[in-house]
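This report refers to the structure that appears directly beneath it.
Order of listing sets the numbers, starting from 1, for every ligand and every atom in it.
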Amino acid sequence: MNKDRVLEILKSNDLQAQSKFGQNFLCNDNITNRIVDVSDIRPDSRVLEIGPGIGALTEAILSRSNGDMQYTAVEIDRGLAEFLENDSFIGLHAFIECADFTKMKREDYVGLYDFDFVVSNIPYYVMTPIIKKLLIECNSAEKMTFMVEQDAIDRIIAKPKTKQYGPLAVLCEVYGTVNKEFSVSPDCFYPMPHTMSAVITLTKKIFLNEDENFEITLEFARFVEACFSMRRKTLYNCLGSYFKIVSPNMPILSAIDKLGLSSKVRAEDLSAQNFIELYRLLLL
Ligand code: SAM
């Protein structure tokens with residue numbers, strides 16, 4: 001999809017790029033194809049796309065189908081969703097849901113089978129909630145491929161003991177291996193965003209030893225958020241207030257001690273594996 005085609009589709013369907021929905025449409029086929037290449041999608045995969053827009057990625061994804069690919073997209077903008085539903089490349093096995101993804105229940109977009117792959121040129125204004133929701137609700141996917149703002153990458157790949165390290169980086173690390181694939185310049189979009197973008201992939205970690213595999217749940221994500229709730233306070237303090245009402249006798253200090261950590265440790269000092277172990281000790 002090049003810029004002329006984007007403009008023509010918008011004009012002939014009486015549509016406009018809406019900044020409130022973070023609409024920057026890809027208009028560079030080379031980039032679109034590279035995104036689908038790094039996603040590893042197979043001809044018979046079950047694929048979820050968040051925010052298909054006017055279908056730049058959709059078209060490239062579905063062109064790899066052998067007829068058995070199951071494709072689901074969630075698009076917030078009714079005009080775009082209606083345009084896509086009627087478009088010629090949408091076949092029998094493609095479903096377009098018109099909804100705000102951040103507000104959807106899992107059962108409203110996941111059908112009989114879980115997704116193998118997730119792809120999204122993420123609307124930047126809701127990047128964090130979308131990635132977190134996908135890591136919780138679609139964590140059996142083999143791989144997730146996202147276009148994000150270049151500046152946001154630091155928060156996704158942040159390491160312990162850094163300012164950027166927080167719940168998003170922990171959840172990404174627990175799910176899989178994060179790779180920055182390539183940068184994308186603003187002129188590959190219409191309208192042009194103000195910043196550089198980048199494509200990242202998250203490949204699910206799968207351990208041969210079943211016990212080492214860990215599925216992110218909403219409860220785990222909330223636990224990690226609680227650990228970071230007061231960044232200047234110790235982990236013990238943060239968890240103390242988290243459990244105060246429901247489980248005041250939770251053996252927090254002894255769990256921290258079992259991990260070989262100091263009672264003064266802060267959430268930012270913990271590795272992703274430490275969070276899993278602490279959660280297992282306290283809540284499983
Ligand atoms: N995938 C298209 C492309 O690459 O050209 C469009 C990407 S554009 C950056 C983001 C898309 O996400 C827009 O189509 C926008 O309407 C949609 N979107 C924004 N917020 C959304 C939400 N909360 N749920 C679902 N879709 C959303």
Side-chain angles (χ1 to χ4, degrees), residues 1-10 13-39 41 47-63 71-85 87 89-90 94-106 108-110 115 117-134 136-138 144-152 181-200:
M1 182 139 349
N2 58 29
K3 189 174 163 194
D4 287 343
R5 180 138 176 253
V6 172
L7 290 172
E8 185 206 310
I9 290 175
L10 292 176
N13 291 279
D14 210 9
L15 297 165
Q16 272 176 359
Q18 303 209 55
S19 57
K20 68 172 179 183
F21 291 144
Q23 290 175 357
N24 301 101
F25 302 116
L26 262 171
C27 54
N28 181 310
D29 286 332
N30 178 35
I31 297 292
T32 312
N33 285 321
R34 282 176 75 189
I35 295 174
V36 185
D37 286 343
V38 297
S39 75
I41 288 172
V47 182
L48 172 68
E49 183 183 358
I50 307 302
I54 52 172
L57 277 169
T58 315
E59 209 169 2
I61 293 167
L62 289 172
S63 71
Y71 169 91
T72 300
V74 180
E75 172 55 60
I76 197 170
D77 186 321
R78 180 158 302 283
L80 296 180
E82 279 171 8
F83 160 74
L84 269 188
E85 262 172 1
D87 211 15
F89 55 79
I90 297 294
F95 302 95
I96 313 293
E97 302 281 351
C98 180
D100 178 343
F101 180 66
T102 61
K103 301 204 171 117
M104 282 182 104
K105 291 198 185 112
R106 186 179 187 277
D108 292 337
Y109 67 95
V110 180
F115 298 105
F117 295 96
V118 177
V119 180
S120 181
N121 174 5
I122 298 197
Y124 299 158
Y125 76 107
V126 271
M127 180 197 81
T128 302
I130 287 184
I131 295 184
K132 281 186 184 165
K133 185 171 165 67
L134 289 166
I136 294 165
E137 296 180 358
C138 300
M144 303 193 187
T145 303
F146 301 128
M147 172 96 75
V148 295
E149 245 175 325
Q150 181 112 292
D151 291 350
E181 301 289 346
F182 53 90
S183 301
V184 183
S185 76
D187 61 9
C188 297
F189 302 86
Y190 175 83
M192 284 202 270
H194 298 298
T195 57
M196 284 290 288
S197 302
V199 173
I200 58 163

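For the pair Met192 and Asn24, the minimum side-chain heavy-atom distance is 4.5 Å or more. Contact annotation: the side chain of Leu134 approaches that of Leu48 to within less than 4.5 Å [non-hydrogen atoms, C-beta and beyond]. No side-chain heavy atom of Asp108 sits under 4.5 Å from any side-chain heavy atom of Glu97.
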Name each N or O atom in ligand 1 that is under 3.5 Å from a protein N or O, and give the partner atom and the distance.
from	atom 1	to	atom 2	distance (Å)
ligand 1	1 (N)	Glu49	OE2	3.4
ligand 1	1 (N)	Gly51	O	2.8
ligand 1	1 (N)	Pro52	O	3.4
ligand 1	4 (O)	Asn121	ND2	2.8
ligand 1	5 (O)	Leu26	N	2.8
ligand 1	14 (O)	Gly53	N	3.4
ligand 1	14 (O)	Glu75	OE1	2.7
ligand 1	14 (O)	Glu75	OE2	3.4
ligand 1	16 (O)	Gln23	NE2	2.9
ligand 1	16 (O)	Glu75	OE2	2.5
ligand 1	20 (N)	Tyr125	OH	2.9
ligand 1	23 (N)	Asp100	OD1	2.8
ligand 1	24 (N)	Phe101	N	2.9
ligand 1	26 (N)	Ile76	N	3.3

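Scanning for side-chain contact (heavy atoms from CB on, under 4.5 Å) contacts around Gln150 gives Ile153, Lys180, Ser183, Met196, Ala198, with sequence neighbours left out. Evaluation of the side chain to side chain donor-acceptor pair (under 3.5 Å) rule for Asp77 yields Gln18, Gln23 as partners, not counting sequence neighbours. In terms of the salt bridge (charged side-chain N to carboxylate O under 4.0 Å, His left out) criterion, residue partners of Glu137 (sequence neighbours excluded) are, by chain and number, Lys133.
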